[in-house]
Structures are given as structure tokens and as C-alpha cells.
Undergrad: 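Take a look at the following structure, please.
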Amino acid sequence: MAAQALAVAASHDGYSAIAFPFFGAERRGAPVLAFTRFGEERLRVRTQVYEPHFVVVLDESLVETVDVLAGLRPGGMVIVNTTRAPDRLVLSKKAKSATVDATTIALKHTKQAAVNTAMLGAFAKATGLITLEGVEAGIMEVFGRRLSKEIADRNVAAARAAYEATRLGEGDSGRVYAKATKWLPTAQELPPGLATPPMETPFGRVGVGSSPSNLTGGWRVNKPVLDGAECTNCLLCWFYCPDGSITRGEKIVEIHYEYCKGCGICAAVCAPKAIHMEREIEEEVKA
Amino acid sequence: MTTVKDLPREDYFLSGHTACPGCGGAMVVREVMKVLGPNTVVYMPASCLLIFSDMYPYNAFKVPSLQILFETSAIAAAGVKRALKRLGKDDTTVVAFAGDGGTADIGMQALSGAAERNEDILYVCYDNEAYMNTGIQRSGTTPFGAWTTTTPLGSTSEGQGKNEFKKDVPRILMAHDVPYVATASLGFPADFLKKVDKAKAKKGFRYLHVLAPCPVGWRAESDSTVDLAKLAVETGIFTLLEYEDGVLTLNREPRFTPVREYLKLQGRFKHLSEGQIASIERWVKDKWERDRALAKALGPKPKVPVAIVR
Ligand SMILES: Cc1ncc(C[n+]2csc(CCOP(=O)(O)OP(=O)(O)O)c2C)c(N)n1
Ligand code: SF4
Ligand code: SF4
Ligand SMILES: [Mg+2]
């Protein structure tokens, strides 16, 4: 929706613009891609954007696993949601960077960790191509119509706050990315049958029972923390955790973080309140 | 009888799946699989479950799973069971996990056929009350008043959403007189596990309908899934029942908590007018009275001798 709001913002400011999501299954919190293209001339290219001028990264943890500069045009800029200053970003090469702590801003204004609208404010500030009024028009049009005026207002407030808080600088080089980490066998490589059989590959286990190869802990915004002294070992958190992130012990349960998506259910079902949720911040660098 | 404490540590639906945080559907599948155990084959139609459990080349089931078409759950599972039986593996449980769209609407004819033939499978519908995987479209089980992308709000800010009441799928299955039909809610673990146990142990066609709150489609907080599942029962909106050998039992008399307590936690009901809320209150009362009357009326099935010609 934010890519769409950006396109509306651009058209409000007199550009012609187009936006579309990456086609595929989306899950809340899972990494997704969306594209916006705008310019002064009529747009005739309708493909995904492979060589962007700007890359907006909504979740800082992606920088660790994906080379967000791949395809970026010379002189292009990356805009990241992080508590870090732009100069503290470590990327695959030096690049113009802008940063803003959009998660804190979004939590404050919208009570949710949906940072996309705040990042539109950051985009306006960092690029100077779109006005803040344009961004507001975009949010009103896209969010106001589909959700409610009240929600749209809160998102506009988040965009404004992010506009003010965005810092510009240059990200550093030095991060090395592993080559493709996913292995996709071709039909010829697979034995006949309906399911992919369990197999060990250089990239981990695949096939039946292999989903643990896919760490989902990076989706998390808040993390559950257990106070062992309060745990009565009722096992409700263990029963309910949709991601199997809690194990049972003899006296108390234990929380693991590789797969925990931070849904907060374990804390909600814990009668003695032995589990609470905490905002997870990797490194605090306030300007 | 399985209680939470005696459930095995072992999971057969594993971490690393890509369901949204707080997904009720993922909880249902994880718990049912804990009870069913390793000697199980899973069928899934197109649904959120298929997408979040089977992301090629990864798969979250520790047992064989397959998928054919959206509308084929019951018949595909039945085919697998017949084949296993032929191979001398009649002890293997075959389970189909389907969404409400795949059950109440598009999978209905295959479901009805398999139920009528009393195929030896367990069919679990995880009911998140809309077609979630394709972006929240209404299904037959979407409740009255709920917003979905295909039951939009009116031009005024109040009112509208879905105009029809929820389709009563368990009652349709009861009409097939299969050995076991039950509803369950994540909010009542003991009742839920008891029903999965029973369903696992029986032969013939078994149907479980489990309410599976979806934080995304219901526009609710990701930590409210269990609360919602409880409130749905306590308000009387979702009835816990069991139909076994012709006898219908209502497992819990609701506390009749005001329906507003349930509705207010969900953005999909935010627009409801006072008139619509009154209709829901009325519907809840009527439904309970009718379910009670039905439970009274349905006694044990008389034993009718059947002449089998082979
Ligand atoms: C014949 C057919 N029609 C439509 C689709 C597209 N489709 C895939 S998943 C889905 C929604 C499934 O809804 P539901 O059964 O309620 O499961 P949920 O995603 O809500 O868990 C649809 C419409 C399809 N795959 N096949
Ligand atoms: S927050 Fe709790 S319930 Fe949710 S995934 Fe993490 S450990 Fe599981
Ligand atoms: S959309 Fe709903 S049902 Fe589908 S994975 Fe997300 S929470 Fe689960
Ligand atoms: Mg559904």
C-alpha cells in the first residue's frame, strides 16, 4: 500500500507514476518487495524495477542478508529504517544513505510497527523529489479510503515525524554477502514423486520436515522475555506458540528466538505474567 | 485422554513455517499434528496453510503431505487412504486440513461425496472466516457484518459488511450422519484435544471444525488470537458441539458475554451500526435455542438392519 501511496504522492506533485507489488504470497511480517516508478514523462516501462535510483528498506535486519545495493544506480541512495546514524550503516559498498528510526515513530503514532507510511516521510526528506503535502495526499487517498480517516491521520502524523527525524550521510562499505543461499533443484534433479524428499544440501536441509532451515526470528519487532521465578510450568505458552519457539523443561519453560515472530501470544496466555514483551533494539545510536 | 501436559514434546508441524505472527491456523495444525503423530499423511488444498507450510524446497510437515486442487481435499484424502489400505497400511491416519473457503464453498461437493460414502479420513476445517490467502474475500462462513474486501462498507461510515449470517457447515455434515462431527475452539484446549483424540480413534468419516482467528484478516492484534477464540464461545457466537453416533451434545453452555466484547477487538467489525449489533445479539440467542432443541430432538439412531448384496 505504501508503494501505491508513493505513486499517488508523485502524481499529486505533477509526475506520472505507477506502483505495484511483487507477485507472490505475502504474510504479515515476511520480507516483501514493492515497486514505484515515477517521472516527468509518460511511463511506458511496466516491469519490476531492477535498477532503482532509490531503495527503501523497511526492516534493517534485511541489510544483513540481502545486498540492498544490488542494482542501485550510480549516485543512488538507500533509505533505511534503523536507529543507526547513516554513517554507521555497513553496506556492500559506499553509498549515499539516509536513516530514520521509523519503528519507534510508527509505534508512537499508529500504535503499530507498520513503518511503511513513516518511510514515505523519510523518502520525501531524503530525496527532495516529493513534497510532504504530496505524501499526505497519498496516504489520505490510499489509507483513508481503504481503512478510515482516523487511521490515515495517524499515518500522516507518522510520516511528518519521520520527515523531521531523517538524517542524511554516507553508508560504509565492507559487508560481504554469501552467494545465493537457497538451493532450488530442477525437476530433473528430483526423484519422481509428489513431495521433495528430505535431503541435505550445501545450503541446509530441504524437503519433508525441512522448514527449520528457514529462520523466521528476523520478523520480530518485540521479543518475549521469561521471568523464570514466576513460571508455574502450566505449559500454556508452549501449547499455544504457533511457531514452536518454546520448549518445556522439568520446572519451567524456555523461550528460543530462532523462529519466534514476536506475536505476543505466550505473554497474553501466561496467567502469572511470567512472560513480558520487550522492544528489541540491536544497537542504540541516537543522534 | 490427551491433556496439554501429556502432549508429546515432539512436533510434526515444525518451526520455520511462514504463517503470520499469531496465526490461529498454524496453532490448530500444530496441535492436531501433535496428537495424530508420525503415522499420518496430510492433504492440503490451496490455502494459507499450503503457502506457509510448503515453501519449496522447504516443508514444515515431518510426515508426507500432498496437495492437488483447491476443491479436492476430501476426495484426494480418501484416495490416499484407500491406496494405503491396499498397501496394508490401514493404521495410517489420513487427515485433510482445509480452510473455510476450501470447505464451506469450493470443496463442498467433494466433501459431501466423501462423507456420504463414509470414507475413512479425518477432515479438519480451520475456519478463519474468509479467503485469507488471496487477501481477505468473504466465504460462506464469514460472519454477518464482517468487513472483507468483497463485503465492503457502505458510503456512510456506519454499517454494512457481509449481509448474510455464517453458513453452518457442521450441521451440513451432521445431515450426512457420519460417525463423528465436532466443533472446537483454541480457547478451550481440553475440549479441543479430547475431540482430536476421539476423531483419531474412530473409523469412517470424521469432521472437525475449528475456529482459527486470523489477526490479519480480522484486523486484530497478533496476541489476541486465543482471547478471540475464547470469547467467540463465551458470547455464544461459536458453539462447541459434538455429534457422535447420532447423538448431538452441546459441550458448553456459553456465559453469554456481551457480543460487543468480542466485536470490539476486531477491526473487521468496527463499522457496525447499533442495528447490526442488535441483529447479532438476536442471532446468538436464536442459534442457542435452536441448537438446544436439535440436541433434544436427536436421540440415538435406531439400528436399521442393512441387507448387503455383494
Ligand atoms: C480452483 C481455484 N480457485 C481459486 C484459487 C485461488 N486461491 C488460492 S488459496 C485461496 C483462498 C483459500 O481460502 P480458505 O480456503 O478459506 O483458506 P485460507 O487461505 O483462508 O486459510 C484461493 C481463492 C485456487 N488456487 N484454485
Ligand atoms: S512471541 Fe511467544 S508465542 Fe509468539 S512466536 Fe514468540 S515465543 Fe511463540
Ligand atoms: S493471513 Fe491469517 S490465516 Fe493466513 S497465515 Fe496470516 S494469520 Fe494465518
Ligand atoms: Mg479461510
Undergrad: Once the angle between the rings of B:Phe192 and A:Phe239 is folded into 0 to 90°, is it parallel (under 30°), tilted (30 to 60°) or perpendicular (over 60°)?
TA: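 Geometry flag for A:Phe239 against B:Phe192: perpendicular rings.
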
Undergrad: Pick one of side chain, backbone, both or neither for B:Val63, based on which atoms fall under 4.5 Å of a heavy atom in chain A.
TA: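 It is the backbone, since no side chain atom gets that close.
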
Undergrad: Could you have a look at A:Gly264, A:Cys260, A:Cys266 and say which one has the most heavy-atom pairs with chain B under 4.5 angstrom?
TA: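 Answer, by heavy-atom pair count under 4.5 Å with chain B: A:Gly264.
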
Undergrad: Side chains of B:Tyr43 and B:Thr72: donor-acceptor distance under 3.5 Å anywhere?
TA: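 Present: a donor and an acceptor within the cut-off.
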
Undergrad: If the plane angle is over 60° it's perpendicular, under 30° parallel, otherwise tilted; pick one for B:Tyr262 and B:Trp218.
TA: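 It falls in the perpendicular class, over 60°.
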
Undergrad: Using heavy-atom distances under 4.5 Å, tell me whether B:Pro152 contacts chain A through its side chain, its backbone, both, or neither.
TA: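 Neither part; nothing is under 4.5 Å.
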
Undergrad: Could you check A:Glu150 against A:Arg154 for salt bridge (charged side-chain N to carboxylate O under 4.0 Å, His left out), going step by step and ending with a plain yes or no?
TA: CA-CA 6 Å; A:Glu150 191 202 335; A:Arg154 285 196 246 139; 2.9 Å; yes

Undergrad: Among B:Asp11, B:Thr225, B:Leu186, single out the residue with the greatest number of heavy-atom pairs under 4.5 Å to chain A.
TA: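 Of the options given, most contacts go to B:Leu186.
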
Undergrad: For the residue pair B:His17 and B:Phe52, categorise the inter-ring angle as parallel (less than 30°), tilted (30 to 60°) or perpendicular (more than 60°).
TA: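 Taking B:Phe52 first and then B:His17, their aromatic rings sit tilted (interplane angle of 30° to 60°).
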
Undergrad: Among the options A:Cys234, A:Ser245, A:Pro198, pick out the one with the most heavy-atom pairs lying under 4.5 Å from chain B.
TA: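 The option with the most such pairs is A:Cys234.
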
Undergrad: Relative to chain A, which segment of B:Val226 carries a heavy atom at a distance below 4.5 Å: side chain, backbone, both, or neither?
TA: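 The answer is the side chain of B:Val226.
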
Undergrad: Output the option from B:Cys48, B:Ser224, B:Ser53 having the highest count of non-hydrogen pairs under 4.5 Å with chain A.
TA: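 Ranked by contacts with chain A, first place is B:Cys48.
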
Undergrad: Under 4.5 Å heavy-atom distance to chain B, tell me which part of A:Leu235 shows up: side chain, backbone, both or neither.
TA: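 It is both, since atoms from each part get that close.
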
Undergrad: Which bit of A:Ser211 is near chain B, if near means a heavy-atom gap under 4.5 Å: side chain, backbone, both or neither?
TA: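 Interface part for A:Ser211: both.
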
Undergrad: For the side chain of A:Thr82 and the backbone of A:Val80, is there at least one donor-acceptor N/O pair under 3.5 Å apart?
TA: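 Checking the backbone N and O of A:Val80 against the side chain of A:Thr82, no donor-acceptor pair under 3.5 Å is found.
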
Undergrad: Tell me whether the guanidinium CZ or amine NZ of A:Lys223 lies under 6.0 angstrom from the six-membered ring centre of A:Tyr257 and within 45° of its axis.
TA: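 A:Lys223 over A:Tyr257 ring: yes.
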
Undergrad: Taking B:Cys23, B:Gly24, B:Ala26, B:Gly22 one by one, which has the highest count of heavy-atom pairs under 4.5 Å against chain A?
TA: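 Highest number of heavy-atom pairs under 4.5 Å: B:Gly22.
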
Undergrad: Among B:Ile121, B:Val95, B:Thr93, B:Thr92, which residue meets the side-chain contact (heavy atoms from CB on, under 4.5 Å) test with B:Val41?
TA: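 Single side-chain contact (heavy atoms from CB on, under 4.5 Å) partner of B:Val41 among B:Ile121, B:Val95, B:Thr93, B:Thr92: B:Thr92.
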
Undergrad: For B:Lys5, is it the side chain, the backbone, both or neither that has a heavy atom under 4.5 Å from a heavy atom of chain A?
TA: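 Interface part for B:Lys5: both.
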
Undergrad: Can you say whether B:Arg9 sits under 4.5 Å from chain A via the side chain, the backbone, both, or neither, judging by heavy atoms?
TA: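 For B:Arg9, backbone and side chain are both near chain A.
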
